J.: 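Can you read through this structure? Questions will come right after.
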Amino acid sequence: MTIALSQFDEVRLDHVSRDFGALNALRDVSLTIRRREFIALLGPSGCGKSTTLNCIAGLLPVTGGAIWLDKSRVDTLRPEERGFGMVFQNYALFPHLNVRQNIGFGLKMRGRPKAEIDRKVDEALSLVRLQGQENKLPGQLSGGQQQRVAIARAIVIEPPLVLMDEPLSNLDAKLRLEMRAEIRRIHNELGATTIYVTHDQDEALSLADRIVVLRDGVVRQVGTPKELYEAPSHLDVADFMGFRNKLKGKVVGTEGGRAILDVEGARISGVARETLSAGSSAYAAIRPDDLMVGEAGPNAIAANVDTIEYRGREFVGTAHSAGGLDFVFRSHQPVEPGSNVHLRADDQRVLVFAEPIQGRH
Ligand code: ATP
């Protein structure tokens, strides 16, 4: 292989902040990314994912803190001096240059000899599986092929770090799945270090070695996909990880890492994920998969069914409680809209979080 990415031990964001006037788009973000890691920056729209990526790339200056590549400070360097590979959502290809010229552009700008450019472009074409397409213009390619060109262009300069900003969001669902696998394959084959921005939790879970969840410019949790999926540390992270049922209640007891809530008169117990005090408001968070139609009793709450849909193996429904809580649940049996049911969750599958403080998370 002729493409050999520059190597380093770690990239470190050290108390990075970025303000736009009065808006703190990033607040005190500290993060260490190790060589060969695939890191996903995940969070809802406006949480600061692209701002983080653009600060690392050098497209946006930081307003506080520093970014380090091992012992070299890089946030003071221009983007081209950092030399990171960038892949954007809209591909950003040159429309008048063919595939080969697009991929070779960065090497040409760096004044590399033609033979070297040809060799590296061939290698990149083969890595992204675009041999035979090299003389086409971007307008003659599908969206997936254009994104492959963009990836080839980013890696051909042999960057220490590959930065991707929602690279798959312009593709249809089937192609998105295909390209997701391709991106991970390319990352592995090259031994690359990749930082990947997405708002799609499935994409982050399936691609990343570690996920960084951002909200309102603050890092909320960093962990492996399994850690985030199974043990989110805050209610908003749980929400993002698919805990769609959030039952607000009062803490009536805590013991050995467990908490019991009173939710509209029902006793719901689960795993306490935060420090909780008796009498305070808290939320029991439950995935739709774990909330089942069952018997009245412990960990069951009365609900009235709104909708029910057949999903092949089972039914998925929505319901509400007398106190106005909304539920998404599943059932082995069909249940009639308008009927009264009890929705149950195993206490091992319930996570209990403190009520978020207004204006802070
Ligand atoms: P999305 O998924 O919608 O792209 P994001 O998580 O990438 O969202 P950012 O683009 O990083 O979010 O934006 C973070 C915050 O900073 C938002 O409130 C956004 O409105 C604001 N912001 C971003 N760029 C600018 C700018 N050039 N000028 C002013 N405010 C900005």
Side-chain angles (χ1 to χ4, degrees), residues 11-31 33 37-67 74-75 78-79 82 84-92 143 146-147 150-151 154 161-173 175-177 179-180 183 193-208 210-223 225 228 232-242 356 358-361:
V11 181
R12 196 157 51 83
L13 275 65
D14 184 19
H15 300 285
V16 167
S17 54
R18 169 69 213 193
D19 302 334
F20 293 106
L23 177 91
N24 310 123
L26 289 185
R27 296 187 258 176
D28 204 21
V29 170
S30 290
L31 189 65
I33 296 140
E37 268 195 308
F38 197 117
I39 295 283
L41 300 180
L42 176 68
S45 181
C47 69
K49 305 179 294 287
S50 299
T51 302
T52 308
L53 205 73
N54 290 335
C55 285
I56 297 171
L59 302 175
L60 269 181
V62 302
T63 44
I67 303 174
V74 295
D75 60 279
R78 290 195 305 272
R82 300 183 201 190
F84 300 153
M86 288 286 291
V87 181
F88 300 96
Q89 178 177 343
N90 59 5
Y91 321 133
Q146 289 185 50
Q147 199 50 289
I151 293 168
L161 197 57
V162 180
L163 306 172
M164 298 193 175
D165 194 350
E166 306 245 10
L168 306 183
S169 50
N170 282 347
L171 304 178
D172 66 40
L175 203 52
R176 227 172 17 238
L177 282 181
M179 282 302 290
R180 197 196 274 184
I183 284 177
T193 307
T194 304
I195 306 180
Y196 185 101
V197 163
T198 180
H199 63 270
D200 179 336
Q201 55 131 309
D202 283 344
E203 214 166 274
L205 288 171
S206 66
L207 274 171
R210 284 193 302 152
I211 299 174
V212 178
V213 180
L214 287 167
R215 169 142 178 183
D216 293 344
V218 174
V219 174
R220 298 290 284 156
Q221 191 171 358
V222 182
L228 262 83
S233 57
H234 303 281
L235 185 63
D236 57 278
V237 179
D239 191 13
F240 221 77
M241 288 291 140
Q358 282 296 314
R360 249 183 54 201
H361 300 290

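Start at 1 and go down the list; that is how both ligands and their atoms are numbered. Note that the coordinates shown come from a computational prediction; the quantities given were computed from them, not determined experimentally.
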J.: As a quick check of understanding, evaluate side-chain contact (heavy atoms from CB on, under 4.5 Å) for Ser17 and Asp28, giving each step before the final call.
T.: CA-CA 5 Å; Ser17 54; Asp28 204 21; 5.8 Å; no
J.: Which atoms from ligand 1 have a heavy atom of Ser50 less than 4.0 Å away?
T.: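 Ligand 1 atoms under the 4.0 Å threshold to Ser50: 4 (O), 5 (P), 7 (O), 10 (O), 11 (O).
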J.: Provide, to 0.1 Å, the distance between atom 23 (C) of ligand 1 and the closest protein heavy atom, together with that atom's residue and name.
T.: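 Among all protein heavy atoms, the one nearest atom 23 (C) of ligand 1 is Phe20 CE1, 3.5 Å.
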J.: With a cut-off of 4.0 Å, which atoms of ligand 1 are near a heavy atom of Thr51?
T.: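 Listed by number with element, the hits are 9 (P), 11 (O), 13 (O), 14 (C).
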J.: Between Thr193, Val197, Ile195, which is the residue that forms a side chain to side chain contact (heavy atoms under 4.5 Å, CB included) with Leu163?
T.: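 Among Thr193, Val197, Ile195, the one that satisfies the side chain to side chain contact (heavy atoms under 4.5 Å, CB included) with Leu163 is Ile195.
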J.: Counting both backbone and side chain atoms, is some N or O of Cys47 under 3.5 Å from an N or O of ligand 1?
T.: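 Yes; the residue has a nitrogen or oxygen that sits under 3.5 Å from a nitrogen or oxygen of the ligand.
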J.: Using distance alone, decide if ligand 1 has a nitrogen or oxygen within less than 3.5 Å of any nitrogen or oxygen in Gly46.
T.: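 Looking only at distances, the answer is yes, because the N/O contact criterion of under 3.5 Å is met.
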J.: Report, in ascending order of atom number, the atoms of ligand 1 lying under 4.0 Å from any heavy atom of Pro44.
T.: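 Within the 4.0 Å cut-off of Pro44, ligand 1 contributes 6 (O).
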J.: Return the closest protein heavy atom for atom 2 (O) of ligand 1 as residue, atom name and distance.
T.: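 Answer, as residue, atom name and distance: Lys49 NZ, 3.0 Å.
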J.: Looking at every non-hydrogen atom in both residues, tell me the closest pair between Ala66 and Val16 and how far apart they are.
T.: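 Closest approach of Ala66 to Val16, heavy atoms only: O-CG2, 3.4 Å.
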J.: Just by distance, do the side chain of Gln201 and the backbone of Phe240 share a donor-acceptor pair under 3.5 Å?
T.: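 It does hold such a pair.
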J.: Ignoring angles and geometry beyond distance, decide whether Thr52 reaches within less than 3.5 Å of ligand 1 through its nitrogen or oxygen atoms.
T.: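 No; the residue has no nitrogen or oxygen that sits under 3.5 Å from a nitrogen or oxygen of the ligand.
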J.: Would you mind listing which atoms of ligand 1 come within a distance below 4.0 Å of any non-hydrogen atom of Leu23?
T.: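 The atoms of ligand 1 under 4.0 Å from a heavy atom of Leu23 are 15 (C), 16 (O), 18 (O), 21 (C).
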J.: Counting N and O atoms only, with roles assigned by atom type, does the side chain of Arg176 sit under 3.5 Å from a partner on the main chain of Leu171, one being a donor and the other an acceptor?
T.: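 Yes, the answer is positive, given that a donor and an acceptor are paired below the 3.5 Å cut-off.
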J.: Is atom 27 (N) of ligand 1 less than 4.0 angstrom from some protein heavy atom?
T.: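 Protein heavy atoms within 4.0 Å of atom 27 (N) of ligand 1 - there is at least one.
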J.: With nothing but distance in play, are any N or O atoms of Ala25 less than 3.5 Å from an N or O of ligand 1?
T.: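 There is no such contact.
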J.: Donor-acceptor check, side chain of Lys49 to backbone of Gly43, threshold 3.5 angstrom: yes or no?
T.: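 Yes, because the side chain of Lys49 sits within donor-acceptor range (under 3.5 Å) of the backbone of Gly43.
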J.: Provide, to 0.1 Å, the distance between atom 3 (O) of ligand 1 and the closest protein heavy atom, together with that atom's residue and name.
T.: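 Result: Ser45 OG, 2.6 Å.
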J.: Is it true that a side-chain atom of Thr51 and a backbone atom of Ala25 form a donor plus acceptor pair closer than 3.5 Å?
T.: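 No; judged by distance alone, with no hydrogens or angles, the pair does not exist.
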J.: Keeping the roles fixed (side chain from Arg82, backbone from Ile56), state whether a donor-acceptor pair exists under 3.5 Å.
T.: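 Yes; judged by distance alone, with no hydrogens or angles, the pair exists.
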J.: Looking only at N/O atoms, are His199 and ligand 1 under 3.5 Å apart anywhere?
T.: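 No.
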J.: Has the side chain of Glu166 got a donor or acceptor atom that lies under 3.5 Å from a matching backbone atom of Tyr196?
T.: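 No, the answer is negative, given that no donor and acceptor are paired below the 3.5 Å cut-off.
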